[in-house]
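Every value quoted in this text rests on a predicted model; they were computed, and no experiment measured them. Computation of the quantities below employed the complete heavy-atom set of this structure, encompassing side-chain atoms and omitting hydrogens, waters and symmetry-equivalent molecules. Lettering of chains follows the sequences in order, A, B, ..., and the numbering in each one begins at 1.
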Number of protein chains: 2
Amino acid sequence: MAEVDRSLSQTVKAQLALRDQILSGSLRPGERISELQAVETTGASRTPVRMALVRLEEEGLLEAIPSGGFMVKAFSERDISDSIELRGTLEGLAARFAAERGVSARELEPLKECLAAIDELLGQVPISIEAFSSYVTLNARFHALLTELSRSPPLIRQIDRASALPFASPSGFVMAQSALPEAQQILIIGQDHHRVVIDAIENREGARAEAIMREHARLAVRNLRLALRNRTHLDLLPALALIKTATD
Amino acid sequence: MAEVDRSLSQTVKAQLALRDQILSGSLRPGERISELQAVETTGASRTPVRMALVRLEEEGLLEAIPSGGFMVKAFSERDISDSIELRGTLEGLAARFAAERGVSARELEPLKECLAAIDELLGQVPISIEAFSSYVTLNARFHALLTELSRSPPLIRQIDRASALPFASPSGFVMAQSALPEAQQILIIGQDHHRVVIDAIENREGARAEAIMREHARLAVRNLRLALRNRTHLDLLPALALIKTATD
DNA sequence: CTAGCTCATAATGTATACATATTCAAGTAT
DNA sequence: ATACTTGAATATGTATACATTATGAGCTAG
């Protein structure tokens, strides 16, 4: 859509390029990232590369080395499930804020449209790969809209940061399900969570809205477990390269 | 302990200096931060200053301007109370993790020592200014130890980030109480929360541990309200300069 | 043969020069 | 008189040169 070549700043270009390299596994966890090497692969000079490295550290993908420089972070399975639970807890808080503080029908409308669009998607049986892809987009949109309902800039900011880790994002493991036989059921259950949280917010049931969003995230944790057990379709997972295998 | 002048990197020096300027009000909210001016006041050159600015943005004290550069962020009273509630929610999650996953007596020991030290402090009546200052240190230590009990690196990281905002940190409003007549009661109640959360973790009562930490944070919210009503001792507050006054 | 030290290499941290974009002010035209 | 345009000044974004520190290899001594 946008010309990546010249419309973006060198810093952003370097950040995107490095993130790709990390998530694709070109840069392996624990390995020190050479600035010089990054300069060669990204095309930017050292200054924007260093800026990008700092931002990726804040993002959680990199870890600062005490003696200087950065290395790619490694994540255990528990790290990932904790990150998902964390995200769910924050989304739960957002849902509770929305319920307690009240939301107008007008604000709820885009959420309901999103809900209806997903309903239509799930009506088709069996669910095609394209439908999965559309689901990822719509699901991300639903979660973003829900977060905004909290009308709390600090909370929105924290949720965005918690979702920055690719495996912690709301749609992190949806694609991994696409090959699973349980796929359709899981999506249907998730969609019901969506429906319930809207209902709870409408009725100003804060505790219910919060609880359902927490449980919703635990669906993602279950997907993670499923995906890691059936290791056949792990290539659909983002950032697989970052997952620590039990070697120690 | 460490010589601030030459043992720290220029980047860290610049970051500390700029943070001081922001929190002290030398740089006012909404105002664009001039790199050149920052170079003069901090003594570092533009490169480390820019690094510091990026880090302060991630920290939440600065906001990126679309056309380039950074400005000091302004916070409403609600932003602050939401940030505190957010921190409490995360600490609640940490306490629940600790309770559910189990903590050995050995791990709990430093927490109990901290608890006892605070008890001793609160035994003195009336509480001196020095005692308040010691309380701030011990309280911060207690919260840090509790967070670590979760044994969840992603969660610890997020709590640290949520506590980076000075007014959201566990001890953010303690000093503001020092002049309040209700001061002693508030500290006693807070200390009881500490006692209860340890008891809950020991007995593996996850829900109770979580709930009490949330309520504990709400004590800070109440302190915030109190402090903002009696505006006489607002000078003890950090980052008062960042609070948006109701002008719009 | 192993452990420790020294030196060379190469990395990061810093400073500054240069290019580009934005912003503000002044002047002109309507 | 006001609005728009143009230009200059100053800001940020980028590149690179320099300094300092970490790291690793090779040699020597025990």
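- Following rounding to the nearest Å, A:E31 (CD) and C:dA11 (C1') show an atom-to-atom distance of 15 Å.
- Distance from the side chain of B:S45 is smallest for C:dA15 among the nucleotides C:dA15, D:dT12, D:dC18.
- Proximity of a side-chain donor or acceptor of A:R50 to a complementary backbone N or O of B:T47 within less than 3.5 Å is not detected.
- Looking at heavy atoms from C-beta onward, B:L18 lies out of side-chain contact with B:L61 at the 4.5 angstrom threshold.
- If you measure from atom CG of B:L8 to atom C1' of C:dT12, you get 17 Å, rounded to the nearest angstrom.
- Comparing B:F70 and A:P48 against DNA chain D, the residue whose closest nucleotide sits nearer the 5' end is B:F70.
- Nearer to the 5' terminus of DNA chain D, by closest-nucleotide assignment, is the contact made by A:T11 (compared with the other of A:T11 and A:R32).
- Atom P of nucleotide C:dG13 and atom CZ of A:R46 are separated by 8 Å, given to the nearest angstrom.
- Here the P atom of nucleotide D:dA22 and the CD1 atom of A:I65 are 13 Å apart, to the nearest Å.
- Regarding B:E35, its CD atom lies at a distance of 11 Å from the P atom of D:dT14, rounded to whole Å.
- Side-chain atoms of B:T47 come within donor-acceptor range of the base of C:dA15, with a qualifying N/O pair under 3.5 Å.
- With contacts defined as side-chain heavy-atom distances shorter than 4.5 Å, the pair B:E107/B:R151 qualifies.
- Contact annotation: A:R50 reaches the phosphate of C:dG13 (side-chain N/O to OP1 or OP2, under 4.0 Å).
- If you measure from atom CD of A:E40 to atom C1' of C:dA10, you get 14 Å, rounded to the nearest angstrom.
- Following rounding to the nearest Å, A:M51 (CE) and D:dA15 (C1') show an atom-to-atom distance of 14 Å.
- At least one side-chain heavy atom of B:H216 sits less than 4.5 Å from a side-chain heavy atom of B:H194.
- In this structure, B:I33 reaches the sugar-phosphate backbone alone: every heavy-atom distance under 4.0 Å involves primed, P, OP1 or OP2 atoms, never a base.
- In this structure, B:S67 reaches the sugar-phosphate backbone alone: every heavy-atom distance under 4.0 Å involves primed, P, OP1 or OP2 atoms, never a base.
- Side-chain rings of B:F75 and B:F167 approach one another, their centers coming within less than 6.0 Å.
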